[in-house]
**Student:** 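Here it is: the structure, laid out below.
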Amino acid sequence: MSVKGKNEVSDEAARRRTFAVISHPDAGKSTITEALAVQAAAISSAGAVHGKGDRAGVTSDWMEMERSRGISITSSVLRFDYEGALLNLLDTPGHADFSEDTYRVLSAVDGAVMLLDSAKGLEAQTLKLFDVCKHGDVPILTFVNKWDRPGREPLELLDEIEQRIGLHAAPLNWPVGVAGDFRGLISRADGSFTKFVPQPNGKAALAVTMTSEQAAAELGDVWETAMEELTLLTEIGAELDHEAFTGGISTPVLFGAALPQFGVSALLDALKTYAPPPADRRTEAGGTRPVDAPFSGQVFKVQAGMDKAHRDSLAFIRVCSGKFERGMTLTMGSTGRGLVTKHAQTVFGRDRTTVDTAFPGDVIGLPNTHGLTVGESLFDGPSVTFPPIPAFAPEHFMVCRAKDVGRYKQFRRGIEQLDSEGAVQVLRSDIRGDQAPVLAAVGPLQFEVVAHRMEHEFNSPVVLTTIDFNECRVTDAESGAALAKMRGVEVFTRSLNGDLIALFQDKWRLRAIEREFPDLTIEQMLAAGQY
């Protein structure tokens, strides 16, 4: 790559911020995603999570089940410009049953916004997702949402962040008035005050700038309380250290209310100012791929059914280095096979447009690229392989059969597609055959999605039957042969990567075998319970 080309890549990478929003269900993740896009003028108005009547559904939730239930099941990408920065927001599933998809998305970002409910603080799924970020060295910016509703004390929430997840909390703004009696926000950088003026009929709140003298005269005691709290924050050293933030030691904290879109512009400013741009990427060999090296990328998601008219699939690729140009031929790291990219697209919710160029931090979609699976490395020029994206240990297992044996061709195609997407793990064995694969999932709701998609996308309704196993381990050929002969154990091949997977009847049977046969290979996978 020429010096001019390297400078272009470095300049474009420097203005990109690629991040995800993580939260517990019902903390307002889809709402904040939409509010960010509205504030950045990427869309004209925010949709309700449940689109009803004349109200639109949120842009990032496109699957029918998402709209009917008001939850995020899949992941989507929103891209928009904000004051010279280009923001790539990778929306993640909020439901705990889809933690594995969230993990894959978090492997493709440079930072995360951790969304907290002002009344509930750190919840179970938030804690799991925080640990995923910690595992992947993803820095976290915190947004305390729903301050327009009754909630907890702000100092109490800061203390919880420090005590439970060990991050030094550094507020960038501070609420005036308790949660539920929200008066506005003070910027700690310059002391400016923005008054919160709610509007009727769900309209965005007005943001009225006032001097501190005006605010003190109008707000009285609540202003004095906020001033005392700000003094305390200064005394205890609750200041932002950018190096501590990017190093995973500190988290900038902002307060606001996503639904009336108040405090969201401050979050955008913080993302632009503090969130890290794309950096050199670690490789499987132990080195790094510089941002300005020739093009490289990694598939972090494969999704079908986004376009009902075409029934195609789309591979989501995080650009790790270099400049992508539509039509270039890339090499697949796993096979060395060439891949032409003339149909490359960008994705905004369900909407797609052709993309001609992309730079580090961007996400591009390649439609109908058979053979591309999650974790695949793609490159131009010097070869590179990025570390694989690990899978969660499944906790639920069901046998899947076609309801109509005459539709076996559609059944097989559907199972193969869902397997390649990582929507569910598919386990096969010679004993059960291809007509009755075992589906393995982190959460039971994944099975509902499989059944819905098999019927509506692949025209092959299925019957799912519970299988009496609840512990899962990775083994090898020699140990697998021995385990397959034991009571309460069944050995499968995981279709996606060829791993040998041993299922055990329960943890007591697993422990008994481990004690009696300590030389067998029985390795724990990345457990869903850990994250």
Side-chain angles (χ1 to χ4, degrees), residues 16-25 27-29 32-33 36 72 75 77 87-96 98-117 120-145 157-158 160-170 172 240-254 267 270-271 274-279 281-282 298 300-301 316 318 320 361 363 374-375 386-393 442 526-531:
R16 279 158 169 77
R17 304 291 184 269
T18 302
F19 65 101
V21 179
I22 60 173
S23 75
H24 193 85
K29 183 175 63 61
I32 193 71
T33 297
L36 285 167
S72 293
S75 303
V77 182
L87 305 181
N88 291 306
L89 197 171
L90 278 61
D91 189 34
T92 60
H95 200 285
F98 300 93
S99 301
E100 190 166 9
D101 196 45
T102 299
Y103 189 97
R104 289 190 287 262
V105 170
L106 289 174
S107 71
V109 301
D110 302 307
V113 173
M114 181 170 68
L115 188 67
L116 304 185
D117 185 313
K120 299 174 183 177
L122 287 165
E123 299 177 82
Q125 182 68 359
T126 317
L127 293 170
K128 289 183 180 181
L129 295 174
F130 163 76
D131 280 341
V132 172
C133 291
K134 185 177 180 180
H135 180 81
D137 298 323
V138 177
I140 291 174
L141 193 153
T142 300
F143 186 84
V144 182
N145 191 26
L157 290 166
L158 297 190
E160 182 179 36
I161 291 171
E162 300 209 13
Q163 295 298 320
R164 297 190 68 183
I165 61 177
L167 287 181
H168 176 68
L172 301 180
L240 178 62
D241 181 314
H242 191 262
E243 188 173 333
F245 163 54
T246 57
I249 298 171
S250 175
T251 178
V253 179
L254 297 108
L267 176 57
L271 285 165
Y274 302 112
R281 200 82 166 176
R282 287 198 298 266
Q298 186 173 32
F300 67 91
K301 180 178 179 61
F316 290 81
R318 152 75 190 233
C320 300
V363 174
V374 172
F386 296 107
I389 299 173
F392 277 122
V442 171
L526 185 62
Q530 289 180 264
Y531 297 95

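Heavy atoms only: backbone and side chains are in, while hydrogens, waters and symmetry mates are out. As the structure is a computational prediction, the values presented were derived from the model and not from experiment.
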**Student:** Per the side chain to side chain contact (heavy atoms under 4.5 Å, CB included) rule, which among V21, L141, I165, V144 passes with M114?
**Tutor:** I165

**Student:** Which atom pair, heavy atoms only, marks the closest approach of L254 to A270?
**Tutor:** CD1-CB, 4.0 Å

**Student:** With a 4.5 Å heavy-atom cut-off, do K120 and H24 have their side chains touching?
**Tutor:** no

**Student:** Go through the steps to decide whether L127 and R164 satisfy the test side chain to side chain contact (heavy atoms under 4.5 Å, CB included), and finish with yes or no.
**Tutor:** CA-CA 9 Å; L127 293 170; R164 297 190 68 183; 3.2 Å; yes

**Student:** Output, in order, the C-alpha distance, side-chain angles, deciding distance and verdict of side chain to side chain donor-acceptor pair (under 3.5 Å) for T251 and T142.
**Tutor:** CA-CA 6 Å; T251 178; T142 300; 2.9 Å; yes

**Student:** N145 and D117: side chain to side chain contact (heavy atoms under 4.5 Å, CB included), yes or no, with the steps?
**Tutor:** CA-CA 5 Å; N145 191 26; D117 185 313; over 6 Å; no

**Student:** Looking at side-chain heavy atoms only, is the closest gap between I22 and L115 below 4.5 Å?
**Tutor:** no

**Student:** Does R17 use its side chain to pair, donor to acceptor, with the backbone of P276 at less than 3.5 Å?
**Tutor:** no

**Student:** Between H242 (side chain) and Y274 (backbone), is there a donor-acceptor pair under 3.5 Å?
**Tutor:** yes

**Student:** Donor-acceptor pair, T18 side chain versus G361 backbone, under 3.5 Å?
**Tutor:** yes

**Student:** Taking side chain as C-beta onward, heavy atoms only, is F300 less than 4.5 Å from L90?
**Tutor:** yes

**Student:** Closest heavy-atom contact between R282 and P387?
**Tutor:** O-CD, 3.4 Å

**Student:** For the pair V109 and L106, evaluate side chain to side chain contact (heavy atoms under 4.5 Å, CB included) and give the outcome as yes or no after the intermediate values.
**Tutor:** CA-CA 5 Å; V109 301; L106 289 174; 4.2 Å; yes

**Student:** Using only atom types and a distance under 3.5 Å, with no angle test, would you say the side chain of Q298 pairs donor to acceptor with the backbone of G375?
**Tutor:** yes

**Student:** Give a yes or no answer on whether the side chain of D137 reaches the backbone of G248 with a donor-acceptor pair at less than 3.5 Å.
**Tutor:** no

**Student:** Do you know which two heavy atoms are closest between F245 and P139, and how far apart they sit?
**Tutor:** O-CB, 3.4 Å

**Student:** Could you go step by step and tell me if V105 and F316 meet the side chain to side chain contact (heavy atoms under 4.5 Å, CB included) rule?
**Tutor:** CA-CA 10 Å; V105 170; F316 290 81; over 6 Å; no

**Student:** What distance do I161 atom CD1 and I140 atom CD1 have between them, rounded to the nearest 0.5 Å?
**Tutor:** 10.0 Å

**Student:** Would a 4.5 Å heavy-atom cut-off, applied to side chains only, mark R104 and V374 as touching?
**Tutor:** yes

**Student:** Could you list the residues that satisfy side-chain contact (heavy atoms from CB on, under 4.5 Å) with A170, not counting sequence neighbours?
**Tutor:** L240, S250

**Student:** Taking the side chain as everything from C-beta on, heavy atoms only, tell me whether V113 gets closer than 4.5 Å to I32.
**Tutor:** no

**Student:** Does T33 use its side chain to pair, donor to acceptor, with the backbone of K29 at less than 3.5 Å?
**Tutor:** yes

**Student:** Under a 4.5 Å cut-off applied to non-hydrogen side-chain atoms, are L267 and L36 in contact?
**Tutor:** yes

**Student:** Does any non-hydrogen side-chain atom of P278 lie less than 4.5 Å from one of R16?
**Tutor:** yes

**Student:** State, yes or no, whether a side-chain contact exists between V253 and L158 at a heavy-atom distance under 4.5 Å.
**Tutor:** yes

**Student:** Salt bridge or not between R318 and D110? Use side-chain N to carboxylate O under 4.0 Å.
**Tutor:** yes

